[in-house]
Protein chains: 2
Amino acid sequence: MPKSTQTKAERIRARRTREAVNIFSRMPSAYAASRSQATKFLQRAGGLSVVEWRVLWDLSEAGPLSIRDLASIQRVDHSQLSRALPAMWRKGLVNMERDEVDGRQMSITLTEVGRQAYEKAAPIMKQRRDALRRAFTPEELKQLAGYFDRLDAFFCQPLSELLNEDSQA
Amino acid sequence: MPKSTQTKAERIRARRTREAVNIFSRMPSAYAASRSQATKFLQRAGGLSVVEWRVLWDLSEAGPLSIRDLASIQRVDHSQLSRALPAMWRKGLVNMERDEVDGRQMSITLTEVGRQAYEKAAPIMKQRRDALRRAFTPEELKQLAGYFDRLDAFFCQPLSELLNEDSQA
DNA sequence: AGCTAATATATGACAAGTCATGTATTCTGC
DNA sequence: GCAGAATACATGACTTGTCATATATTAGCT
């Protein structure tokens with residue numbers, strides 16, 4: 001059926017259907033929904049931001065860390081932490097000291113206030129992970145993590161490797 | 001082994017390993033990598049932004065659309081399009097006219113310049129989707145899309161439904 | 001020691017996304 | 001036909017993320 005004879009509603013529905021199976025277009029909304037949900041959980045658990053929660057969690061689990069360590073664990077650009085940490089320090093959540101051994105690094109540690117904020121949020125966030133485990137079986141979660149690994153690898157491939165096949169067409 | 005006897009490198013490695021299977025923490029980096037890759041492809045295909053590309057693609061596939069239509073197809077907040085479209089209009093990529101039938105709606109259409117920009121970018125972006133189909137089988141992509149549907153459903157659930165089980169613990 | 005390279009952090013500029021709120025228009029029920 | 005509800009859009013304020021670039025410190029080589 002030629003496009004011109006379709007109603008607008010039909011065109012939109014066709015487009016939505018096609019986009020539903022487009023992995024690229026699914027990523028932003030899935031991520032946005034995840035972040036929105038996390039924000040709501042954290043709102044109920046003391047009002048931490050997502051970035052703050054991740055920092056407190058990592059520090060609580062892996063002890064004193066530098067900015068680069070945190071960035072590498074969280075797979076984010078270090079600039080994000082470089083900007084977020086001073087605000088967390090002003091709130092009393094973390095200590096930031098220059099490393100005595102390597103004067104370039106900052107050593108970030110949890111304060112007592114930070115530990116309390118973490119312990120307040122942790123059980124709520126654990127409930128979120130528990131809820132995910134009710135929605136997906138362990139095998140499914142493992143498979144999903146595997147897909148994420150492969151997606152990461154795909155997204156990080158150099159352009160040249162993706163474009164070299166019949167790129168002149 | 002108690003945490004205090006681990007080296008810092010061991011603590012970081014343990015934390016990274018654990019985070020690798022945490023779906024929540026995988027979403028941001030996977031999405032960021034996807035967006036970064038899309039940006040690079042678009043840079044090579046005329047310099048469109050991701051938002052611009054999506055708008056041109058939708059308009060090209062589904063004809064004249066309102067802001068709300070575009071937002072619903074793309075699963076984003078309408079404010080994003082409300083802000084992006086005037087800039088696209090200034091670049092000559094789209095026309096924006098108030099709908100004659102419904103004076104609240106804007107009718108967004110592709111201009112000739114917009115159509116050319118789309119046709120320049122489209123083959124490159126198609127190569128990206130083709131490359132994805134080389135990295136994943138059709139069955140895997142179908143399964144992945146199914147997981148996204150279920151993740152969407154999980155993320156959009158009201159908090160109360162996720163917290164009501166042993167939430168007092 | 002001293003020069004160069006590498007590393008760790010800070011910061012400016014930006015893209016993409018959210019939510020809340022305000023305004024104009026249309027729809028609905030009486 | 002009008003009051004109030006609903007809808008479409010605009011806009012301000014914010015979060016999360018990127019990249020590029022500058023600066024300070026350490027590491028390595030001679």
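Each chain gets a letter, A, B and so on, in the order the sequences are listed, and its residues count up from 1.
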Report task. Could you check which of D:dA8, C:dG17, C:dA10 has an atom nearest any side-chain atom of B:Gln105? Result -> D:dA8
Polar atom pairs between nucleotides 4-7 of chain C and protein, under 3.5 Å, N or O only, would you list them?
{"residue": "C:dT7", "atom": "O4'", "partner": "A:Arg104", "partner atom": "NH1", "Å": "3.4"}
{"residue": "C:dT7", "atom": "O2", "partner": "A:Arg104", "partner atom": "NH1", "Å": "3.1"}

Could you state the [atom1]-[atom2] distance from [X] to [N], rounded to the nearest angstrom?
X	N	atom1	atom2	result
B:Leu70	D:dA8	CG	P	13 Å
B:Asp99	D:dC9	CG	P	9 Å
B:Ile12	C:dA8	CD1	C1'	14 Å
B:Glu97	D:dC9	CD	P	14 Å
A:Met27	C:dG17	CE	C1'	14 Å
A:Lys40	C:dG17	NZ	C1'	14 Å
B:Arg75	C:dA16	CZ	P	19 Å
B:Ile67	D:dA8	CD1	C1'	8 Å

Query raised in the report: Without hydrogens or angle criteria, can the side chains of A:Arg16 and B:Ser72 be said to hold a donor-acceptor pair below 3.5 Å?
Result: yes
Report task. Answer yes if the side chains of B:Glu112 and B:Gln116 hold a donor-acceptor pair under 3.5 Å, and no otherwise. Result ->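 Yes, side-chain donor-acceptor contact under 3.5 Å.
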Query raised in the report: Under 30°, 30 to 60°, or over 60°: which ring-plane class applies to A:Phe136 and B:Tyr147, parallel, tilted or perpendicular?
Result: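 A:Phe136 and B:Tyr147: tilted rings.
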Query raised in the report: Should the pair A:Tyr118 and A:Trp53 be assigned to parallel (<30°), tilted (30 to 60°) or perpendicular (>60°) ring geometry?
Result: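 The arrangement is parallel - the two ring planes meet at less than 30°.
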When you check the phosphate oxygens OP1 and OP2 of [N], does a side-chain N or O of [X] lie under 4.0 Å from one of them?
X	N	result
A:Ser49	D:dT16	yes
A:Thr39	D:dT15	no
B:Tyr31	C:dG17	yes

Query - Smallest separation among heavy atoms of B:Asp58 and B:Gln74, with atom names - result: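 B:Asp58 and B:Gln74 have their closest heavy atoms at OD2-NE2, 2.9 Å.
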Requested in this report: Answer with base, sugar-phosphate or nothing: what part of the nucleic acid does B:Arg54 contact at a heavy-atom distance below 4.0 Å?
Outcome: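 Here B:Arg54 touches the backbone only, sparing every base.
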With side chains defined as the heavy atoms from C-beta onward, is the minimum distance between [X] and [Y] less than 4.5 Å?
X	Y	result
A:Asp130	A:Lys126	yes
B:Asp152	B:Arg75	yes
B:Pro28	A:Val76	no

Requested in this report: On DNA chain C, check which nucleotide each of B:Val101 and A:Ser66 is closest to and give me the residue with the more 5' one.
Outcome: A:Ser66
Query raised in the report: Going only through I, L, V, M, F, W and Y residues with side-chain contacts under 4.5 Å, is there a path from B:Tyr31 to A:Val21?
Result: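 Each belongs to a different hydrophobic cluster.
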**Report entry** Comparing B:Arg35 and B:Arg98 on DNA chain D - which has the more 5′ nearest nucleotide
**Finding:**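 Closest to the 5' end, via its nearest nucleotide, is B:Arg98.
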Query raised in the report: Counting only non-hydrogen atoms, which of residues 76-94 of chain B are less than 4.0 Å from DNA chain C?
Result: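 Nucleic-acid contacts, sorted: B:Val76, B:Asp77, B:Ser79, B:Gln80, B:Arg83.
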N/O donor to acceptor pairs below 3.5 angstrom from side-chain atoms of residues 79-96 of chain B, sequence neighbours left out:
{"residue": "B:Ser79", "atom": "OG", "partner": "B:Asp77", "partner atom": "OD1", "Å": "2.6"}
{"residue": "B:Lys91", "atom": "NZ", "partner": "B:Glu52", "partner atom": "OE2", "Å": "2.5"}

